[in-house]
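To find a chain, count down the sequence lines: A is the first, B the second, and so on, and within it residues start at 1. Keep in mind the model is a prediction, meaning the values are calculated, not measured. All heavy atoms count here, side chains included; hydrogens, waters and symmetry mates do not.
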Amino acid sequence: MARFIFRKTQRLVDNSHFRRVLEDRSCAGNDLFRLYVSGNDCGHPRFGVSIGKKAGNAVRRNRLKRLAREVFRLEQHNIAPDYDYLLIFSLKKSKNNITSNRSDGPNFEILKSSFVRMSQKAVEKWRRNTHLRQTENL
RNA sequence: UGAGUGGGUCAGGUGGUCGCCGGCUUUAAUGUGCCGGAGGAAAGUCCGAGCAGGACAGGGCACGGUGGCAGUUAACGGCUGCCCCGGGUGACCGGCGGGAAAGUGCCGCAGAAAAUAUACGGCCGAUGGUUCCUUCGGGGACACAGGUAAAGGUGAAAUGGUGCGGUAAGAGCGCACCGCGAUGGUGGUAACAUCAUCGGCAUGGUAAACCCCACCGCCUGCAAGACCAAGCAGCUGUCAGCCCGGCCCGGGCAAUGACAGCGGGUAGGUUGCUUCCCUUUAUGGGAGAGCUGGCUGGCGACAGUCGGUCCAGUUAAAUGGCCACCACCUUGCGGAAGUGAGGUACAGAACUCGGCUUAUCGACCCACUCAGUUU
RNA sequence: UGGGGUAUAGUGUAACGGCAGCACGACAGACUCUGAAUCUGUUUGUCUAGGUUCGAAUCCUAGUACCCCAG
């Protein structure tokens with residue numbers, strides 16, 4: 001039975017971590033968010049969230065972050081390991097979505113289902129990017 | 001019963017399960033067990049403090065703030081009670097509410113005039129003067145001397161108001177009432193109220209215009225400050241001093257240093273930091289504008305005293321997800337029982353307190369006012 | 001987190017407490033075969049709510065939005 005823990009070692013903690021993930025430029029997104037992906041050598045996936053000020057007030061942003069972390073916690077064994085995941089809630093689209101249904105209940109389900117799909121997409125993209133980069137270097 | 005006024009409390013609840021942060025215990029360690037884990041506004045950062053640093057934190061000026069009186073407090077621009085003014089039938093509400101005879105400024109348009117009591121305009125011409133008539137008593141005209149401040153369409157505001165008398169015309173010129181001022185008495189700690197006498201009224205408004213008066217205020221802020229680790233490269237200019245970051249006084253520091261500019265390096269950790277100290281490890285003692293309950297004093301804010309208690313501590317930043325039941329609200333179906341769907345505000349600690357202000361679905365409680373009905 | 005500032009027409013900006021302007025734009029008309037340019041005219045505004053004042057864009061109080069600075 002797999003465990004569903006989420007500790008500090010599984011988080012992106014430093015500004016340099018965030019920089020590195022963003023500089024790889026491998027992302028996939030939908031109406032709600034964009035997911036950036038980058039490889040690591042920790043032996044487990046790591047996760048970070050970024051929510052802009054336009055997503056709402058502090059309570060709303062906090063709630064989005066907690067939902068995202070919960071999704072990662074439950075789905076961490078269904079996604080590719082050895083990668084860093086950075087979830088960025090995009091401004092206009094997510095704003096509309098949130099203001100239209102304020103319940104956040106179905107929002108959680110949507111997040112959960114789309115997170116895995118996007119992670120797969122982004123990882124594929126990352127592999128392609130790194131392959132291209134290697135060939136360019138050669 | 002209806003309408004309303006003021007104040008207060010709460011901020012859905014319970015259980016299960018998967019997680020997160022901190023403390024203690026135990027372990028080599030992951031972990032296990034127990035306990036604790038957002039708010040009334042945590043917000044805005046509008047005030048006041050603690051705490052830290054800036055010479056040893058001191059004086060004056062400048063600058064800024066406050067502004068009825070008394071009290072309360074660690075302190076305040078907060079709060080409490082009272083006074084005055086304005087509003088409401090009333091409970092009650094609102095008020096940056098000192099000084100305009102210290103000085104300066106401003107008062108557009110309109111209006112004769114906007115701060116100087118006088119010109120303009122007006123009225124009269126009793127008393128003088130000139131002149132005409134005359135029955136010689138006097139009567140008329142002129143507007144010359146002069147007397148007046150009532151009327152003058154305005155305006156936010158016009159030199160006390162209204163009424164009666166008075167007069168040549170008038171006028172606080174006289175009187176009555178109202179307003180204003182002075183003096184004195186009474187009540188009150190005081191703001192002030194009230195009564196009596198006198199003055200006939202003498203100088204409009206604006207100080208959220210400058211200003212004056214009284215009182216208060218050094219400056220900067222936990223990203224303050226302290227310590228550890230890592231790392232680099234110094235150079236130039238100015239001053240003989242530099243610091244107290246507006247100026248002066250007074251004070252302190254240094255004798256190769258201070259300041260300024262350019263360039264380089266690091267952008268990690270611990271602490272401050274969660275009631276605080278002391279001894280010692282026992283559930284010890286002391287101190288705490290801390291929280292809470294009782295009693296006493298006070299109209300009240302609050303104070304005193306006795307007992308209980310110690311209540312989040314993160315740092316890309318913990319307090320969440322799911323399930324079940326119940327409570328309340330809206331709504332669909334239904335005769336009803338019931339059942340389906342949706343919802344349960346504002347909002348998230350970042351050094352800590354005391355206020356203020358702003359946001360807020362609702363629910364409940366207390367006191368009071370007005371109107372109507374019944375007894 | 002702390003400190004400071006701004007808000008005026010669609011945009012950029014003026015205005016001692018006394019009628020809220022200017023430029024660009026937009027719209028309409030003229031000129032032209034048509035358009036551009038030019039000329040003429042019109043349009044729209046003091047961030048919000050209270051207060052002081054006879055009278056507030058301006059003064060005071062409270063809020064809202066945005067911007068800048070320090071580290």
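Closest approach of A/A80 to A/P45, counting heavy atoms only: O-CB, 4.4 Å.
Note that SG of A/C27 and CG of A/L87 are 11.0 Å apart. Values are rounded to the nearest 0.5 Å. Note that CG of A/D84 and CH2 of A/W126 are 10.0 Å apart. Values are rounded to the nearest 0.5 Å. Rounded to the nearest 0.5 angstrom, A/H44 NE2 and A/Q76 CD are separated by 10.0 Å. The CE atom of A/M118 sits 9.5 Å away from atom CD of A/Q120, with the distance rounded to the nearest 0.5 Å. Taking OG of A/S26 as the reference point, atom CZ of A/R128 lies at 9.0 Å (rounded to 0.5 Å).
Looking at A/N78, A/L74, A/I79 one by one, the single match for side chain to side chain contact (heavy atoms under 4.5 Å, CB included) with A/F115 turns out to be A/I79. For the side chain to side chain contact (heavy atoms under 4.5 Å, CB included) with A/L64, the qualifying choice from A/V59, A/I51, A/V49 is A/I51, the only one to do so.
Base pairing in RNA chain C yields stems of at least 3 consecutive Watson-Crick or G-U pairs, both distances under 3.5 Å, namely C:1-7 with C:64-70, C:10-13 with C:21-24, C:26-30 with C:38-42, C:47-51 with C:59-63.
If you check B/G307 for Watson-Crick or wobble pairing at under 3.5 angstrom, you find it paired to B/U292. The partner of B/C259 is B/G237, by the rule that a Watson-Crick or G-U pair needs both atom distances under 3.5 Å.
Taking atom P in both C/G10 and C/A26, the straight-line distance is 15 Å, to the nearest Å. Between B/A157 and B/C109, the distance separating the two C1' atoms is 15 Å to the nearest Å. Taking the C1' atom of each, B/A367 and B/C92 are spaced 13 Å apart, rounded to whole Å. Of the P atoms belonging to B/C365 and B/A337, the separation is 26 Å, rounded to the nearest Å. Here, B/G98 and B/A209 have their P atoms 14 Å apart, quoted to the whole Å. Going from the P atom of B/U148 to that of B/C201 covers 16 Å, rounded to whole Å. Here the separation of C/C60 from B/A208, taken at their C1' atoms, is 4 Å to the nearest Å. For B/A42 and B/A317, the C1' atoms lie 16 Å apart once the distance is rounded to whole Å.
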N/O contacts under 3.5 Å, protein versus nucleotides 317-319 of chain B?
unit_1 : atom_1 : unit_2 : atom_2 : d
B/A317 : OP1    : A/R11  : NE     : 2.5
B/A317 : OP1    : A/R11  : NH2    : 3.1
B/A318 : OP1    : A/K65  : NZ     : 2.6
B/U319 : OP2    : A/R66  : NE     : 2.9
B/U319 : OP2    : A/R66  : NH2    : 3.2

Tabulate atom names and distances for all N/O pairs under 3.5 angstrom spanning the protein and nucleotides 40-42 of chain B.
none

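With a glycosidic angle no more than 90° from 0, B/C311 adopts the syn conformation. Regarding the sugar-base torsion, B/G153 falls in the anti class, its angle being beyond 90° of 0.
Between A/V49 and A/E70, the one whose closest nucleotide on RNA chain B sits nearer the 5' end is A/V49.
For the side-chain hydrogen bond (donor to acceptor under 3.5 Å, both in side chains) test, no residue two or more places apart in sequence or in another chain qualifies with A/R61. A search for ring-ring contact (aromatic ring centres under 6.0 Å, His included) contacts involving A/F72 returns A/F6, A/F47, not counting sequence neighbours. Residues satisfying the side-chain contact (heavy atoms from CB on, under 4.5 Å) criterion with A/R66, sequence neighbours excluded, are A/N62.
Although no hydrogens or angles enter the test, the distance criterion places no donor-acceptor pair under 3.5 Å between the side chain of A/E124 and the main chain of A/K121.
A/L74 places its CG atom 10 Å from the P atom of B/C322, with the value rounded to the nearest Å.
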